[in-house]
Amino acid sequence: MKHQEIKDLIEKIKYQDRKAIANAITLVESKKEEDRKIAELLINQLSSIEKKSIRIAISGPPGAGKSTFIEALGFEILKENRNIAVLAIDPTSSLTGGSILGDKTRMEKLSRNENAFIRPSPSGMNLGGVNRSTRESIVILESAGFDTILIETVGVGQAETEAFEMTDIFLVLLNPGAGDELQGIKRGIIELSDILVVNKSDGDLEATSRSTVLDYKNALKLLKPRINDWKVPVLSCSALELKNIDQCWITLSELRKHLEKTGQLITNREKQKKLWLDKLTKEKLIEQIENDEDFQNELEMIKETLSDKSKSVKTEASNMIENFLNKLRRQK
């Protein structure tokens, strides 16, 4: 892609051209070296565009109804004449590398709205609940003028921290019936939450939902909220029946205003930039090692003779890294 083509793509993104946005996200998701170089140029230029948006992660266990909730919430947000974008991260198959839910029709009604954009993406074996390019996708969507970015994460418990590190608000959606969730795998994700919502509060589950709300309110008394001067609310709703969805959006809006008023929105995003730098630096170093032919050849040789050597695995690894760094120094 030539410089002028990148410039044209950026202009189309600014005017919210759906095809251009989709093509740009495909570029940042690509693993091809030539696409990565183009994507880097694209993101560098888009990063200079002034953006005003709120980034909301929607997390929770599989089966909590995240997609249904996001579609219902999306229509509630659209009532305020906002533009919303949804990044729906699907779990990736460990066998094929493809998206397990990729063929599933999701948020069909919302996707037809001209002020909404939905992009499903495979997690790519990333345990952070998002994929490796989600941050870049956010930059593209914000540059296109979407003022509300919703990120539906994979929903894998404590591994959701990466989604937490790139959004302003972390909403956790739960099923009625606390059970083991309060005592086991959900503790980590509950500690990160800014808003808790118990979904499916309808029919036979309505009474169970009320009980679950009380259980979580009591549990939260033992935890310190991550946002200063904010008490984590526990709400109930029925995304299927569109019950209390308006209250969910009101609460999200109240938190957004609180973050802006107290300056925590800017502070948190600055912290996130530093975390992103740390992560990208490590990723680039790993890529360099994986693409270095000499290093990979040495690694295979050591693997084949490992049982014959008296040196420990740790020592072998340290020697290999030292050799690699010496090679880089000689190349300067």
Side-chain angles (χ1 to χ4, degrees), residues 5-29 39 42-43 45-58 65-90 99 101-122 130-131 133-153 163 166-169 171 173 237-253 256-257:
E5 289 176 311
I6 295 173
K7 191 175 179 182
D8 291 343
L9 182 61
I10 290 170
E11 286 305 309
K12 288 178 181 178
I13 289 169
K14 285 181 187 177
Y15 284 98
Q16 223 168 85
D17 183 299
R18 302 307 175 93
K19 188 177 179 180
I21 295 167
N23 288 342
I25 293 176
T26 299
L27 267 176
V28 300
E29 287 181 343
L42 178 68
I43 294 300
Q45 293 186 50
L46 289 176
S47 295
S48 62
I49 298 172
E50 186 181 356
K51 306 168 188 72
K52 291 182 180 180
S53 67
I54 190 72
R55 306 168 186 171
I56 304 167
I58 312 289
K66 293 190 289 293
S67 293
T68 308
F69 174 78
I70 289 172
E71 183 165 53
L73 182 67
F75 279 111
E76 191 64 36
I77 296 169
L78 289 172
K79 289 178 183 177
E80 296 187 3
N81 295 320
R82 298 177 73 89
N83 293 317
I84 68 168
V86 180
L87 291 172
I89 313 301
D90 280 333
S99 175
L101 303 179
D103 296 329
K104 181 183 174 185
T105 302
R106 307 171 61 150
M107 306 175 219
E108 191 177 350
K109 291 179 182 177
L110 185 62
S111 65
R112 292 199 294 263
N113 191 291
E114 62 180 10
N115 293 318
F117 178 88
I118 298 173
R119 173 74 179 211
S121 301
V130 290
N131 71 18
S133 59
T134 303
R135 287 179 179 86
E136 287 90 345
S137 298
I138 291 172
V139 171
I140 292 166
L141 292 167
E142 289 179 334
S143 300
F146 290 103
D147 50 36
T148 308
I149 313 292
L150 303 178
I151 300 172
E152 178 191 356
T153 71
M166 65 177 73
T167 52
D168 307 311
I169 298 174
L171 183 149
L173 200 66
C237 78
S238 170
L240 202 60
E241 296 184 354
L242 304 180
K243 187 169 68 177
N244 285 349
I245 297 297
D246 57 342
Q247 187 57 51
C248 293
W249 175 237
I250 287 168
T251 305
L252 284 163
S253 299
R256 173 178 54 85
K257 290 173 186 174

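Excluded from the calculations below are hydrogen atoms, water molecules and symmetry mates; all remaining heavy atoms, backbone and side chain alike, are included.
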E80: side-chain hydrogen bond (donor to acceptor under 3.5 Å, both in side chains) partners, not counting sequence neighbours: W249

Smallest separation among heavy atoms of L9 and A24, with atom names: CD2-CB, 4.5 Å

Inter-residue atom distance L173.CG - C237.SG, 0.5 Å rounding: 6.0 Å

CG-CZ distance between D168 and R55, expressed to the nearest 0.5 angstrom: 6.0 Å

Approximate separation, where rounding is to 0.5 Å, of I10 CD1 and D8 CG: 9.5 Å

Side-chain heavy-atom pair L27, I140 within 4.5 angstrom cut-off: no

Partners passing side-chain hydrogen bond (donor to acceptor under 3.5 Å, both in side chains) against T167 (at least two apart in sequence or in another chain): none

CG on L78 to CG on N113, rounded to 0.5 Å: 4.5 Å

C248 and F69, any side-chain heavy atoms less than 4.5 Å apart: yes

Sidechain-backbone polar pair: D147 side chain, N83 backbone, donor-acceptor under 3.5 Å: yes

pair K109-E71: side-chain heavy atoms closer than 4.5 Å: yes

Qualifying residues under side-chain hydrogen bond (donor to acceptor under 3.5 Å, both in side chains), relative to K7, sequence neighbours excluded: none

Residue pairs passing the side chain to side chain donor-acceptor pair (under 3.5 Å) test where at least one lies in residues 14-23, sequence neighbours excluded: E11-K14

F117 vs V86, side-chain contact (heavy atoms from CB on, under 4.5 Å): CA-CA, chis, key distance, verdict: CA-CA 6 Å; F117 178 88; V86 180; over 6 Å; no

Residue pair L171 / L252, side-chain heavy-atom distance below 4.5 Å: yes

Side-chain heavy atoms of L87 within contact of E152, under 4.5 Å: no

Test item: E76 side-chain N/O and I245 main-chain N/O as donor-acceptor pair under 3.5 Å: no

For S53, all residues meeting side-chain hydrogen bond (donor to acceptor under 3.5 Å, both in side chains), sequence neighbours excluded: E142

Qualifying residues under side chain to side chain contact (heavy atoms under 4.5 Å, CB included), relative to L242, sequence neighbours excluded: A72

Derivation of the side-chain contact (heavy atoms from CB on, under 4.5 Å) call for N115 and F146: CA-CA 9 Å; N115 293 318; F146 290 103; over 6 Å; no

Criterion salt bridge (Lys or Arg N to Asp or Glu O under 4.0 Å) on R119 and E29, from CA distance to verdict: CA-CA 12 Å; R119 173 74 179 211; E29 287 181 343; 3.1 Å; yes

From CA spacing to verdict: side-chain contact (heavy atoms from CB on, under 4.5 Å), I151, I58: CA-CA 6 Å; I151 300 172; I58 312 289; over 6 Å; no

CD-CG distance between E5 and L42, expressed to the nearest 0.5 angstrom: 12.5 Å

M107 to I70 - nearest heavy-atom pair and separation: SD-CG2, 3.8 Å

More than 12 heavy atoms from other groups under 6.0 Å of NZ on K243: yes

Any donor-acceptor pair under 3.5 Å from S238 side chain to E241 backbone: yes

Where E136 and I43 come nearest, the two heavy atoms and their spacing: O-CD1, 3.7 Å

Distance, nearest 0.5 Å, that separates CD1 of I77 from CG of D246: 12.5 Å

